[in-house]
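Index from 1, following the sequence.
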Amino acid sequence: MPMLLPVSRRTLLIGSAAGAALLACPAILRAAEMRFEDDPFTLGVSSGCPRPDSVVLWTRLAPKAEEAGGSLFAAPPPALEGPVEVAWELAHDEGFQRLAAKGTALATDDWGHSVHVEVMGLEPGRWYFYRFTAGGQQSPVGRTRTAPALGAATDRLRLAFASCQQYEHGYFTAFRHMAAQDFDLVVHLGDYIYEMSWGRKYVRQHGTGIPTQLWEFRDRYALYKSDPDLMAAHAAAPWLAIWDDHEVANNYADDHSPKTAQPEQFLAIRAAAYQAWYEHMPVPPSMAPKGPSLRIYDRYRFGNLLDMTLLDDRQYRSPHPCGINKSGGANCEERFDPSRSLLGREQEAWLDGALKDAQGSWTLIAQQTLVSELDREPGPGKAYALDGWDGYVASRDRLLSAIETHRPANPLVIGGDVHAFWVSDLKKDFQNPSSPTLATEVVCTSVSSQGPSAKTMQAGREDNPHIRYGRGDKRGYASLELTPKQALFGLEAVDSVERPDGTVSRLASFAVEPGKAGAEPA
């Protein structure tokens, strides 16, 4: 079968000449005649990548998704084969009485029967409702929002950011709470799935081994996305998503993986993982991967209030310094090597240009992990995690130098990965407490993944004067409410992820005022 990319509203519309020509194709006629006995929308719906005039709508047809992944040794027979015609509708109202746009897309085997519709020509700063229909079955209704017009006066933007949701470590209570909070946007900072089992206690099970093939990654995503709390958060607001390492392999760096000796073999695994990520994220068809390559770094603007960049610190990075990818590299001189980069030089140059051109009242850099230096050894000793920015010191210095040089308005940095809440000052020189603060950083804890040791948290709070707050015993997410006068961060904590009825409360709040360095308790 020739490869059929997911199609957008611009390329396949009901009543269009192109649509009429396509419907003459026997394969598409068969797709239009298909009827489902079981619900094909078991993975829910999602939207993302909001621009002032467009948004991406997503679903994946997965009838009998609960039967996937039954074998560790061979691919199970597919629950669905051949192309399927999927109708979509976007409306101003939840009852779909006032349609804004509608059309059809073709879900094919090549892309796991995922659907990515980039709806164009929309009004800026508006809420919309959407749904899909296929084979006589209708999806749940999702809600989405376009970004405000470029430069338009914008009074407020409320977003949530999250990362690290190890399915086996607990329930996704954070997403249930998030779905009820009326956020304008959700930003996911990576480790959406975990390819491996690890940790001290399992609340539920993956049920299969480490994925290395496309069908295995598809099954892992299907397991995670079948969680009702995660589905609710996807349906409640548009998402922006980037990956970290566990979407592919723990602590990988470009074509190097600690568990796969041959780069060629690992790139084949990475290609499968990147395709599965694409198939399950609300991103446009233009982002479809080309083998082991998929660009996720990008830029978004929200009126005159916010200029946001999304980064990728995995695909292009230099190998880990000193052959180490864990804590303890205090004596590793290679981590200071200026030729090494966490982002890759091309992405670094792109980010420099984005910061130079930032125009919002606030500038937000969304990336995967903790940027601040973190000495993890209590007392006079030193220990650093070399898988993060502490392993790529010169690359971090170039990032901070770009902020200092271009002076984008009120820079904020958000991250995840480390399974703890951290609030810190990004210093020009972390060894000098009186060094200028160039930006404020807030890192969210994990949705469910188990946290760091008490020793690490103690060292972080006591031996790093630029860190204002650190807590690693709570799971949850972080919120950010932006207005022209304040950036208010909320650290939202789950009381327990070990039972499905956990609750969420605000652990702490930190505010940043325009023109002032550092976050203060609020």
Side-chain angles (χ1 to χ4, degrees), residues 48-51 54 56 116 118 147 159 161-163 185-192 238-248 252-255 267 270-271 273-278 280-302 306-318 340-360 362-371 387-389 392 394-403 406 408 411-417 426 439 441 443-444:
C49 301
R51 306 287 187 182
S54 68
V56 175
H116 303 74
E118 188 172 19
L159 63 88
F161 56 101
S163 72
L185 181 69
V186 174
V187 182
H188 200 284
L189 300 172
D191 291 345
Y192 188 97
W239 281 46
L240 291 172
I242 53 179
W243 55 50
D244 195 19
D245 55 340
H246 286 289
E247 288 87 349
V248 185
Y252 84 93
D254 192 359
D255 60 353
L267 285 177
R270 198 177 89 176
Y274 281 8
Q275 178 168 339
W277 183 91
Y278 165 77
H280 292 86
M281 291 296 122
V283 296
S286 59
M287 283 183 66
K290 296 176 177 61
S293 300
L294 196 170
R295 173 174 163 167
I296 63 169
Y297 64 88
D298 207 344
R299 181 180 181 184
Y300 288 82
R301 288 174 167 169
F302 297 85
L306 177 64
D307 200 299
M308 180 192 299
T309 56
L310 304 171
L311 302 183
D312 179 353
D313 78 354
R314 286 290 167 186
Q315 186 173 183
Y316 315 107
R317 67 158 67 184
S318 305
R340 302 177 67 259
S341 175
L342 191 71
L343 303 178
R345 287 308 184 99
E346 183 176 334
Q347 186 179 185
E348 281 189 9
W350 171 87
L351 177 59
D352 184 85
L355 293 174
K356 182 179 180 180
D357 188 45
Q359 299 175 17
W362 297 92
T363 306
L364 184 65
I365 299 173
Q367 48 83 58
Q368 285 76 2
T369 189
L370 177 70
V371 175
D387 185 56
W389 289 94
Y392 300 79
S395 189
R396 176 172 60 200
D397 288 346
R398 290 191 290 270
L399 165 62
L400 297 177
S401 177
I403 293 174
H406 301 309
L412 307 169
V413 177
I414 59 174
D417 176 59
L426 289 180
E441 178 177 34
V443 172
C444 62

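- D352 has its side chain out of reach of S401: every pair of non-hydrogen atoms, C-beta onward, lies at least 4.5 Å apart.
- Atoms OG1 and CG, on T369 and D245 in that order, are 9.0 Å from each other to the nearest 0.5 Å.
- Atom OH of Y300 is separated from atom CG of D298 by 4.5 Å, given to the nearest 0.5 angstrom.
- Listed for the E247 side chain is a donor-acceptor partner under 3.5 Å among the backbone atoms of Y192.
- Remark: Y392 pairs with no residue by the ring pair (Phe, Tyr, Trp, His ring centres under 6.0 Å) rule, at least two apart or across chains.
- Residues satisfying the side chain to side chain donor-acceptor pair (under 3.5 Å) criterion with W239, sequence neighbours excluded, are absent altogether.
- Without hydrogens or angle criteria, R317 side chain to D387 main chain gives a donor-acceptor distance under 3.5 Å.
- For the pair S163 (side chain) and G190 (backbone), a donor-acceptor distance under 3.5 Å is absent.
- Between R314 and D191 there is no salt bridge, since no side-chain nitrogen of the basic residue lies less than 4.0 Å from a carboxylate oxygen of the acidic one.
- Going from atom CD of Q367 over to atom OG1 of T309 covers 9.0 Å, rounded to the nearest 0.5 Å.
- A donor-acceptor pair under 3.5 Å is formed between the side chain of Q315 and the backbone N or O of L294.
- Although no hydrogens or angles enter the test, the distance criterion places no donor-acceptor pair under 3.5 Å between the side chain of R301 and the main chain of A147.
- Of the inter-residue distances, the one linking L240 atom CG with L159 atom CG reads 9.0 Å to the nearest 0.5 angstrom.
- Judged purely by atom type and a 3.5 angstrom limit, T363 has no side-chain atom pairing as donor or acceptor with the backbone of D307.
- Evaluation of the ring pair (Phe, Tyr, Trp, His ring centres under 6.0 Å) rule for F302 yields no partner, not counting sequence neighbours.
- Ring orientation note: the planes of Y316 and Y297 are nearly perpendicular, at an angle over 60° on the 30°/60° scale.
- Two residues are said to be in side-chain contact when any heavy atoms from C-beta on lie closer than 4.5 Å; L399 and I365 meet this criterion.
- When all heavy atoms are compared, the tightest approach of L189 to D244 is O-CB, 4.4 Å.
- Heavy-atom minimum distance, A366 versus I414: CA-CG1, 3.7 Å.
- Between the side chain of H116 and the backbone N or O of Y278 there is at least one donor-acceptor pair closer than 3.5 Å.
- Other residues, nucleotides and ligands place no more than 12 heavy atoms under 6.0 Å from the CD atom of E346.
- Residues R398 and R345 meet the side-chain proximity criterion, which asks for heavy atoms closer than 4.5 Å.
- Without hydrogens or angle criteria, Q368 side chain to L311 main chain gives a donor-acceptor distance under 3.5 Å.
- Without hydrogens or angle criteria, S395 side chain to L342 main chain gives a donor-acceptor distance under 3.5 Å.
- Atoms CG and CH2, from D313 and W389 in turn, are 7.0 Å apart once rounded to the nearest 0.5 Å.
- Across all non-hydrogen atoms, the minimal contact from L343 to E348 is CB-CG, 4.0 Å.
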